[in-house]
2 protein chains.
Amino acid sequence: MEVTRQNFKEVLPEVCNAVQEADFISIDGEFTGISDGPSVSALTNGLDTPEERYTKLRKHSMNFLLFQFGVCTFRYDQNQSTYITKAFNFYIFPKPFSRTSPDIKFICQSSSIDFLASQGFDFNKVFRSGIPYLNQEEECQLREQYEERRGQMNGAGPVSYTPPSGTGVCNVPEDQREFIRSVEEKVEALLKNTDQTLDLEPCTGFQRKLIYQTLNSKYSKGLHVEALETEKKERFIQISKVDDEERRRREQQKQQREQEELNDAVGFSRVIRAISKSGKLVVGHNMLLDVMHTIHQFCGPLPEELDDFKEVAMTVFPRLLDTKLMASTQPFKEIIHNTSLAELHKQLRQKPFRPPTTECPEGLQSYDTSTEQLHEAGYDAFITGLCFISMANYLGSFLTPPKSHISARSKLLEPFYNKLFLMRVIDIPYLNMSGPDLQPKRDHVLYVTFPKEWKTSDLYQLFSAFGNIQVSWVDDTSAFVSLSQTEQVQIAMNTSRYAESYRIQTYAEYLQSRQKNTHSSRKWASDGWADTSYPSVAMTTASGYSHTDNWHQAVKRSISPSLDEQNHGADSSWTNYSVKKIKTEGSCTQTYADVAGSCDWPRLQADEGGASVSPVAEEAELDEFSANQSQGKRSRKHKKRKSDASETTPPALFDVPQVW
Amino acid sequence: MEVTRQNFKEVLPEVCNAVQEADFISIDGEFTGISDGPSVSALTNGLDTPEERYTKLRKHSMNFLLFQFGVCTFRYDQNQSTYITKAFNFYIFPKPFSRTSPDIKFICQSSSIDFLASQGFDFNKVFRSGIPYLNQEEECQLREQYEERRGQMNGAGPVSYTPPSGTGVCNVPEDQREFIRSVEEKVEALLKNTDQTLDLEPCTGFQRKLIYQTLNSKYSKGLHVEALETEKKERFIQISKVDDEERRRREQQKQQREQEELNDAVGFSRVIRAISKSGKLVVGHNMLLDVMHTIHQFCGPLPEELDDFKEVAMTVFPRLLDTKLMASTQPFKEIIHNTSLAELHKQLRQKPFRPPTTECPEGLQSYDTSTEQLHEAGYDAFITGLCFISMANYLGSFLTPPKSHISARSKLLEPFYNKLFLMRVIDIPYLNMSGPDLQPKRDHVLYVTFPKEWKTSDLYQLFSAFGNIQVSWVDDTSAFVSLSQTEQVQIAMNTSRYAESYRIQTYAEYLQSRQKNTHSSRKWASDGWADTSYPSVAMTTASGYSHTDNWHQAVKRSISPSLDEQNHGADSSWTNYSVKKIKTEGSCTQTYADVAGSCDWPRLQADEGGASVSPVAEEAELDEFSANQSQGKRSRKHKKRKSDASETTPPALFDVPQVW
């Protein structure tokens, strides 16, 4: 169902209802772009740490607009053995709702816009009829504004009768005295004649304030004073003769109207709050960016530190499941080789999987999976849910006796909770939202810095003696080089000692120097890209979340990174990893193996666990990356670097004849 | 006529033709926003110097996209006494044309987008069918890419036969040897069998390079090698058996195809180049932003210094005329009280003006002025031209004998050439593009800095002893305060000497400290707003313009600010102004009075000249400001500041009872 500004108010109760009844909810977002700085390949470096990835996405992806949001609710009907689905496709746009509302600026990336255009995205619908939204802080500000303005009115409440210590009242400036005198005359005339109301000429805000003040002190009992707008949007004052009761009634009406205006302004954020409040399982495909954007846009600014983000995210969405991570993990990774949403959906309709039966209640437009509407957020949310069900039910086949339906609350699914797919990271499959992240050994990795003219081929040249290497570009002048054997690291380090044009560090050294930078500056260390942080977009710069809603209390809790009681990593099957020790309050950080072990599921105790992700075609992954980059665009520079050979030959690390 | 990517190629010759034949050309642009930093009221401070205004617009307005461009050509038909008009409404979008093309990021301002949406702007058309464009530097880069790639091909040119000093050729790496060997085998087979062509499997860019290289050295004579794309956009190599002649023919075809691709990519910039080349009079309404955006987007990055910008602009558009400035100047300012485009157009259809008769050639959609299509760039350009004609013809009524038609080349118009309206500047009506700017005395102006809690009312309070004052906000903590009498300045300065919470400087002191800052840092001084400069949008960071087109030679010319031979200001009627002395090469900087004096036009020798602009309603002016801000939005803070009274009373400057 398409939801715009026109039908939002009408549809909202239905959405909230569907969320309340759901067994789980799937979501998907479409954005106006991916990266406002580095190329996508640099934004998703294969050797990013989780902290680095988060920092980069927070810095370079949040200034885009999430302008279509898909929500699909799934409720299992035991009697019919079918899922009742309700899909909503929301168009989102921060239409300024009044003169004083925030005027959001957002960035568009041409390639993303072009891609969405090619998919038939309806930009007119989003910009003409998008649903507005406010984050927490903006809502509070608006509420305060209403209250402040109410305080100026006469007859409204106690405030207007007792201006605080006199400073709120201003003297009438000389050039306004004549104006105010003429208003008083008109009011006197009104009181004497039989008219019920008097409309003054449009005037300035300051003049309106003076009028309120004057009438308040002179005629506080018999008049109702209200600012209205002409058709030309000019504000004028209407004065009505009323008795006390009538005045109270009018004030109440006005307050109700204002409350409604406020609700309208909060707009789509109310949907997110309903989902959050429900505490239901929220399913997405490659959903890290969706989660980040959702919080950034509808709740409040993202925290600087990854650990704080995890806490906030877990309070907004206490249970997340990423179908891309699920499909890339045992037992699915053996069977599923392309985890892009479209391909995954195709494969999960074939054996050994079974597509779930779904039903859409009458009156709600349902999606037809035979006519693909990929990259419409509502459709993508819908098929993400279908993928989840197919995979969940497949897990049931391992039980004794096998089960054909697995509930969204099943213990079998717990290993997949709160682990978000980390795109293109070579050796860390997921971001662990409810606990410490994996820390793979990177002893075979070198960090190399060099002149900006260097290309990939120059690095191959430099390391030509070592056989296969893997290059992950960090920025214009540095890259990670993974050697095939850890023993080669020391040889490379020794030999490079006197090099002038380049410099080699071990990964450990690199981490250390990075940490030093971070701590000395108390800011996230530079990620090698120009600082394009963009204050206007992040309207709310204060990091404080208000306490009005449940999720915001989490931010205030501090986590102490030195405590390490809950290190579940040691006894898990992630034998290749040391687990970073942070304390996560309360929430149990079960590893995949923990759960697998406890649920009678021997085949899942695979020796490799879910650690290594099945190789996925790079193009397909890019396609996943919020679906906007399927053409695999890179900056001209990076592209050139990879396809061309070097023009200036770098020094070979060893005296080995040129072999390539 | 609507022009999109679909019909651009077909329409372009007609556009160029119309430009060639025109007496003058009117233009208008629509942008995705106005300011990515300060509120519009701060962006257009009433006491900006021309340099400050330029710097602010360059910094805060150029990251938006000019996405609709209107061009209307006007040719006077002597026989019919009518203007033949051809209006074109171009949709512009930087669609990336290949994997390696720049991926432009641009900002959208919600209020602007919302305003355009309310005017029926077709966002789908712009994003789905917008015409692409390249600036000079991007075009050069693309050309180089083509040439580089051609160099890799065999048989193309001399480069491929003699790789420069061997470094361009790379050895075949070990892991590619088997691959290359298999290609060689296939080629050997092709040469022996009867097939004409051989399609290899898709492969990487590096592999393609190796193939070119290998085949080049082994079979340079009998084969044509070409990279093609599959339907899935994978690149593969096709090898054909050809004789020398056939190979040359193919290469030529290919070059032609590439040239066409290049032209397509340059796209809309070709229209701007045609207009520029024609040297015709270009008319716009409140056109400073249009000119800046046009140069920034289709020519190259805007220079840092205003004087350099003037030079570039005058080379791109050697003759500009701003109808808003014209309407705000004698003899029009007495008759025309609202200079917003829509109102101006209305007034110019009434006495004493006469609407011109126009005619639109068959087959070209003409605009109907009775059904307003305001804020469609093509329509706005059209009525801007109509306004210009009406005003020009009105000038003819002052001649003896009066003339009813005044040509666009008439001397009568020269006073208006190259003077662009400076929006909302109190005492400088225009930016003088072809000479030094006016420097009004600002002896009655104070520069006040204060805590950020202060509001306008606090300033009124502070200066309450001085009667009428005028406040122009600079940023959160400073403002200009214009006193009604210059003598008050010294009193204010003396009294404020021991103030702690605020600080007062004379305007001269302010200028001096600003200049100091400018020179010490060799950058434009801070305009009081956070630096949101956004490197990704300005794709081309190098400031160099290439020399391929006429306008780019101007930038390289240096202007020496110390020379002052051509100070035309002294003998002009701008008696209130000292003229800033800069040298402008060649172009004569005639002042309004110079020309008025020389053209037998006594009523124009008005004592006030064109210096003070007729009072224009603020809302109407905002509407003009690229037409996107008609709701007069301001940041919440600024709005609040102006409508509310102070909560904390600031110290009164003098011990005078509170009078306002």
Side-chain angles (χ1 to χ4, degrees), chain A residues 33 36-37 93-96 99-111 113-114 117 122-124 127-128 141 167-175 204-206 209 233 457 460 468 530 532 534-536 631-636 639-640 642-649 658-660, chain B residues 33 36-37 93-96 99-111 113-114 117 122-124 127-128 141 167-168 170-176 204-206 209 233 457 460 468 530 532 534-536 631-636 639-640 642-649 658-660:
Chain A
D36 65 13
F93 179 70
K95 178 185 166 70
R99 282 164 172 263
T100 55
S101 62
D103 188 3
I104 303 285
K105 287 99 185 176
F106 57 90
I107 303 179
C108 293
Q109 189 171 1
S110 303
S111 56
I113 297 293
D114 183 48
D122 193 337
F123 298 97
N124 284 339
F127 294 139
R128 292 177 185 171
Q141 281 175 5
T167 51
V169 174
C170 51
N171 293 307
V172 179
E174 207 161 335
D175 60 339
T204 67
F206 180 60
K209 184 185 163 67
K233 302 272 176 188
S457 55
Y460 277 119
N468 268 344
T532 57
Y534 187 64
S536 316
Q631 292 182 63
K633 293 194 193 315
R634 279 166 216 150
S635 80
R636 189 176 285 174
K639 190 72 198 170
K640 201 173 164 194
K642 290 186 182 173
S643 61
D644 297 0
S646 59
E647 275 134 359
T648 55
T649 328
Q658 290 198 357
V659 280
W660 84 280
Chain B
D36 64 12
F93 179 69
K95 179 185 164 70
R99 282 163 171 264
T100 56
S101 62
D103 188 2
I104 302 286
K105 286 100 185 176
F106 57 90
I107 302 179
C108 293
Q109 187 169 3
S110 303
S111 56
I113 296 294
D114 183 47
D122 193 338
F123 298 96
N124 284 339
F127 293 138
R128 293 177 185 171
Q141 280 175 5
T167 51
C170 52
N171 293 307
V172 179
E174 205 162 337
D175 60 340
Q176 295 297 333
T204 67
F206 181 61
K209 183 184 163 69
K233 303 271 179 189
S457 54
Y460 277 119
N468 268 345
T532 58
Y534 187 64
S536 317
Q631 292 182 61
K633 293 194 193 314
R634 278 166 218 149
S635 80
R636 190 175 286 174
K639 189 72 198 169
K640 203 174 162 192
K642 288 184 183 175
S643 60
D644 297 1
S646 59
E647 276 135 357
T648 55
T649 327
Q658 291 198 358
V659 279
W660 88 290

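Proteins come first, then strands; the chains are lettered A, B, ... in the order of their sequence lines, and each starts at number 1. No hydrogens, no waters, no symmetry mates; every other heavy atom, side chains included, goes into these values.
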To the nearest 0.5 Å, tell me how far [X] [atom1] sits from [Y] [atom2].
| X | Y | atom1 | atom2 | answer |
| --- | --- | --- | --- | --- |
| F123(B) | R128(A) | CZ | CZ | 7.0 Å |
| I104(A) | I107(B) | CD1 | CD1 | 13.0 Å |
| F127(A) | F127(B) | CZ | CZ | 5.0 Å |

- Do any N or O atoms from the side chain of D114(A) and from the backbone of K95(B) form a donor-acceptor pair under 3.5 angstrom? no
- Query: If only atom types and distance count, is the side chain of N124(A) paired as donor or acceptor with the main-chain N or O of D122(B) below 3.5 Å?
  - Reply: no
- At their closest point, which heavy atom of K105(A) faces which heavy atom of G37(B), and how far apart are they? NZ-O, 4.3 Å
- Message: Does either side chain, that of D103(A) or that of S110(B), offer a donor lying less than 3.5 Å from an acceptor on the other one?
- Response: no
